[in-house]
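Each remark here refers to the structure printed beneath this line.
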Amino acid sequence: MNFSHTFAGGFRVLTCAGLLLALSPGCKRAPMPAAKPPAPVTKPVVAIATATVSTDAFKSAFEDLLPPKGRDPFFPDSHRREPAPAPIVVAAARKAAVASDLLLKGIVGSANHRLAVVNNQILEKGETAPVRVAGGVVKVKCLEIGDSFALVMVEGETRMQRLEMDKK
(Lines give C-alpha, C1' and ligand atoms only; values in the text may rest on other atoms or scores of the structure.)
Protein backbone atom coordinates (compact mmCIF):
# COMPACT_ATOMS: atom_id res chain seq x y z
CA MET A 1 0.00 0.00 0.00
CA ASN A 2 1.39 3.43 -0.97
CA PHE A 3 1.01 6.15 1.66
CA SER A 4 2.71 8.94 -0.26
CA HIS A 5 1.98 11.07 -3.28
CA THR A 6 4.49 12.37 -5.83
CA PHE A 7 3.87 15.86 -7.19
CA ALA A 8 4.89 17.46 -10.47
CA GLY A 9 7.95 19.11 -8.87
CA GLY A 10 9.39 15.65 -8.12
CA PHE A 11 8.94 15.77 -4.37
CA ARG A 12 7.07 13.20 -2.35
CA VAL A 13 4.67 13.92 0.50
CA LEU A 14 3.40 11.41 3.02
CA THR A 15 -0.32 11.35 3.53
CA CYS A 16 -1.88 11.43 6.99
CA ALA A 17 -2.22 7.63 7.08
CA GLY A 18 1.43 7.18 6.12
CA LEU A 19 2.51 9.66 8.75
CA LEU A 20 0.50 7.93 11.48
CA LEU A 21 1.89 4.57 10.46
CA ALA A 22 5.46 5.91 10.54
CA LEU A 23 5.00 7.40 14.02
CA SER A 24 3.18 4.44 15.58
CA PRO A 25 4.93 2.65 18.48
CA GLY A 26 5.00 -0.61 16.58
CA CYS A 27 7.44 0.79 14.05
CA LYS A 28 11.05 0.70 15.03
CA ARG A 29 13.98 2.13 13.26
CA ALA A 30 16.93 0.06 12.26
CA PRO A 31 19.86 0.48 14.65
CA MET A 32 22.69 2.77 13.45
CA PRO A 33 26.01 1.09 12.85
CA ALA A 34 28.70 1.90 15.42
CA ALA A 35 31.02 4.71 14.35
CA LYS A 36 34.70 3.99 13.98
CA PRO A 37 37.02 6.14 16.10
CA PRO A 38 38.84 8.72 13.99
CA ALA A 39 42.43 8.05 13.09
CA PRO A 40 44.98 10.22 14.89
CA VAL A 41 46.09 13.18 12.79
CA THR A 42 49.79 13.69 12.44
CA LYS A 43 51.11 17.10 11.51
CA PRO A 44 53.98 17.29 9.04
CA VAL A 45 57.08 19.06 10.26
CA VAL A 46 57.77 22.16 8.18
CA ALA A 47 60.99 24.08 8.34
CA ILE A 48 60.47 27.83 8.16
CA ALA A 49 63.24 29.78 6.57
CA THR A 50 63.65 33.35 7.73
CA ALA A 51 65.17 35.78 5.31
CA THR A 52 66.55 39.09 6.43
CA VAL A 53 65.54 41.78 3.97
CA SER A 54 66.82 45.28 4.45
CA THR A 55 63.95 47.78 4.24
CA ASP A 56 66.41 50.55 3.43
CA ALA A 57 66.70 49.21 -0.08
CA PHE A 58 63.00 49.89 -0.74
CA LYS A 59 62.59 53.40 0.71
CA SER A 60 61.76 56.24 -1.67
CA ALA A 61 63.50 59.55 -1.27
CA PHE A 62 61.97 62.74 -2.63
CA GLU A 63 63.74 66.04 -2.78
CA ASP A 64 61.52 68.90 -1.73
CA LEU A 65 63.11 71.64 -3.80
CA LEU A 66 61.36 74.92 -4.39
CA PRO A 67 61.02 76.32 -7.92
CA PRO A 68 62.85 76.85 -10.23
CA LYS A 69 64.88 73.72 -9.33
CA GLY A 70 62.01 71.58 -8.09
CA ARG A 71 58.46 71.08 -9.29
CA ASP A 72 55.37 69.12 -8.35
CA PRO A 73 55.62 65.72 -10.10
CA PHE A 74 51.83 65.41 -10.41
CA PHE A 75 51.11 69.00 -11.45
CA PRO A 76 54.27 70.24 -13.15
CA ASP A 77 52.72 73.51 -14.37
CA SER A 78 51.38 74.44 -10.92
CA HIS A 79 52.59 77.59 -9.17
CA ARG A 80 51.33 76.66 -5.69
CA ARG A 81 54.76 75.65 -4.39
CA GLU A 82 56.35 78.97 -5.26
CA PRO A 83 57.20 81.15 -2.27
CA ALA A 84 54.52 83.66 -1.31
CA PRO A 85 55.30 87.31 -2.00
CA ALA A 86 56.20 89.50 0.95
CA PRO A 87 53.14 91.06 2.62
CA ILE A 88 52.50 94.69 1.83
CA VAL A 89 52.82 96.83 4.93
CA VAL A 90 50.37 99.71 5.18
CA ALA A 91 52.15 102.76 6.47
CA ALA A 92 50.70 105.18 8.99
CA ALA A 93 50.70 107.85 6.27
CA ARG A 94 48.14 105.78 4.35
CA LYS A 95 45.76 105.85 7.32
CA ALA A 96 45.94 109.65 7.29
CA ALA A 97 45.15 109.60 3.57
CA VAL A 98 41.90 107.71 4.29
CA ALA A 99 40.36 110.91 5.63
CA SER A 100 40.86 112.63 2.29
CA ASP A 101 39.37 109.62 0.46
CA LEU A 102 35.96 110.03 2.13
CA LEU A 103 33.50 112.11 0.14
CA LEU A 104 30.00 113.22 1.07
CA LYS A 105 28.13 112.60 -2.18
CA GLY A 106 24.68 113.53 -0.99
CA ILE A 107 22.10 113.85 1.77
CA VAL A 108 18.69 112.24 1.26
CA GLY A 109 15.52 111.89 3.29
CA SER A 110 13.35 114.28 5.25
CA ALA A 111 14.42 116.79 7.90
CA ASN A 112 13.40 114.29 10.61
CA HIS A 113 15.18 111.29 9.10
CA ARG A 114 18.26 112.16 7.06
CA LEU A 115 20.64 109.76 5.37
CA ALA A 116 24.18 110.60 4.22
CA VAL A 117 25.75 109.05 1.11
CA VAL A 118 29.48 108.61 1.83
CA ASN A 119 31.48 107.04 -1.03
CA ASN A 120 28.32 105.32 -2.37
CA GLN A 121 27.47 103.91 1.09
CA ILE A 122 24.25 105.12 2.73
CA LEU A 123 24.58 105.88 6.47
CA GLU A 124 22.10 107.17 9.02
CA LYS A 125 22.88 108.85 12.33
CA GLY A 126 24.54 106.41 14.77
CA GLU A 127 25.16 103.69 12.15
CA THR A 128 28.56 102.07 11.52
CA ALA A 129 29.18 100.54 8.10
CA PRO A 130 32.11 99.49 5.90
CA VAL A 131 32.97 102.13 3.30
CA ARG A 132 35.14 101.40 0.28
CA VAL A 133 38.12 103.73 -0.24
CA ALA A 134 41.08 103.62 -2.60
CA GLY A 135 43.23 101.55 -0.22
CA GLY A 136 40.56 99.01 0.78
CA VAL A 137 37.61 99.16 3.17
CA VAL A 138 37.31 101.16 6.40
CA LYS A 139 34.55 101.21 9.01
CA VAL A 140 32.90 104.59 9.32
CA LYS A 141 30.46 105.69 12.02
CA CYS A 142 28.07 108.53 11.21
CA LEU A 143 27.70 110.84 14.22
CA GLU A 144 25.53 113.67 12.87
CA ILE A 145 23.89 114.70 9.59
CA GLY A 146 23.15 118.38 8.78
CA ASP A 147 21.72 120.16 5.73
CA SER A 148 25.00 120.06 3.77
CA PHE A 149 27.45 118.20 6.03
CA ALA A 150 28.00 114.94 7.94
CA LEU A 151 30.18 114.29 10.99
CA VAL A 152 31.86 110.87 10.79
CA MET A 153 34.51 108.96 12.68
CA VAL A 154 36.78 106.41 11.02
CA GLU A 155 37.52 103.28 13.07
CA GLY A 156 41.05 103.46 14.47
CA GLU A 157 41.18 107.28 14.47
CA THR A 158 40.53 109.48 17.51
CA ARG A 159 39.16 112.63 15.87
CA MET A 160 35.90 113.34 14.05
CA GLN A 161 35.81 114.47 10.44
CA ARG A 162 33.36 116.92 8.97
CA LEU A 163 32.46 116.00 5.41
CA GLU A 164 31.00 118.87 3.35
CA MET A 165 28.89 118.66 0.19
CA ASP A 166 30.55 119.99 -2.94
CA LYS A 167 28.77 123.13 -4.05
CA LYS A 168 28.79 123.44 -7.81
Side-chain angles (χ1 to χ4, degrees), residues 6-13 35 38-168:
T6 303
F7 290 94
F11 58 92
R12 193 174 263 204
V13 177
V41 178
T42 58
K43 294 183 180 179
V45 178
V46 178
I48 299 174
T50 58
T52 57
V53 177
S54 174
T55 57
D56 294 335
F58 297 107
K59 286 189 178 176
S60 299
F62 295 98
E63 293 182 19
D64 195 18
L65 300 176
L66 294 176
K69 288 184 177 182
R71 64 182 185 163
D72 190 338
F74 301 106
F75 301 98
D77 296 331
S78 173
H79 297 288
R80 64 183 169 168
R81 297 185 65 219
E82 293 177 0
I88 299 171
V89 179
V90 178
R94 179 65 198 135
K95 290 206 177 216
V98 168
S100 64
D101 288 345
L102 294 177
L103 296 173
L104 181 62
K105 293 194 173 189
I107 295 178
V108 294
S110 66
N112 297 336
H113 186 75
R114 291 189 174 142
L115 302 171
V117 181
V118 179
N119 288 24
N120 296 332
Q121 178 68 37
I122 300 174
L123 299 168
E124 65 178 318
K125 184 178 177 180
E127 180 183 10
T128 302
V131 175
R132 187 175 296 206
V133 294
V137 177
V138 293
K139 286 192 177 183
V140 175
K141 182 174 183 176
C142 183
L143 302 173
E144 185 180 340
I145 301 173
D147 289 335
S148 63
F149 70 93
L151 285 175
V152 296
M153 181 176 282
V154 178
E155 184 179 85
E157 292 186 6
T158 56
R159 61 182 182 88
M160 295 185 291
Q161 297 177 18
R162 182 179 171 108
L163 303 177
E164 296 278 340
M165 288 274 296
D166 288 334
K167 295 183 181 179
K168 294 184 182 180

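Just so you know, these numbers use all the heavy atoms, side chains as well, and skip hydrogens, waters and symmetry mates. Quick caveat: nothing in here was measured; it's all calculated off a predicted structure.
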### Query
Can you find a pair of side-chain heavy atoms, one from V154 and one from Q161, that are under 4.5 Å apart?
yes
### Query
Which heavy-atom pair separates L104 from A116 by the least distance, and what is that distance?
CD1-CB, 3.9 Å
#### Entry: Side-chain heavy atoms of L103 within contact of V118, under 4.5 Å
no
### Task
Answer yes or no: is there a donor N or O on one side and an acceptor on the other, between the side chain of N119 and the main chain of R132, under 3.5 Å?
yes
### Message
Give me the atom names and distance for the closest heavy-atom approach of K125 to I145.
### Response
N-CD1, 3.9 Å
### Task
Would you check, one step at a time, whether the test salt bridge (charged side-chain N to carboxylate O under 4.0 Å, His left out) holds for R159 with E157?
CA-CA 6 Å; R159 61 182 182 88; E157 292 186 6; 5.1 Å; no
#### Entry: Close side-chain approach of E127 to I122, heavy-atom, < 4.5 Å
no
### Task
Output, in order, the C-alpha distance, side-chain angles, deciding distance and verdict of side-chain contact (heavy atoms from CB on, under 4.5 Å) for N120 and K105.
CA-CA 7 Å; N120 296 332; K105 293 194 173 189; 3.5 Å; yes
### Task
Could you tell me the separation between the CG atom of L143 and the CE atom of M160, rounded to the nearest 0.5 Å?
6.5 Å
## Note on the structure
CZ of R162 to CZ of F149, rounded to nearest 0.5 Å, is 4.5 Å
#### Entry: Distance, nearest 0.5 Å, that separates CD1 of I107 from CE of M165
6.0 Å
### Query
Side-chain contact, heavy-atom cut-off 4.5 Å: E124 with R114?
no
### Query
Atom CG of L123 and atom NZ of K141: how far apart are they, to the nearest 0.5 Å?
11.5 Å
#### Entry: Side-chain heavy-atom pair V133, L102 within 4.5 angstrom cut-off
yes
### Query
Which distance, rounded to the nearest 0.5 Å, do you find between the OG of S110 and the CG of L115?
8.5 Å
### Query
Where do C142 and V152 come nearest, in terms of heavy atoms and distance?
CA-CG1, 4.2 Å
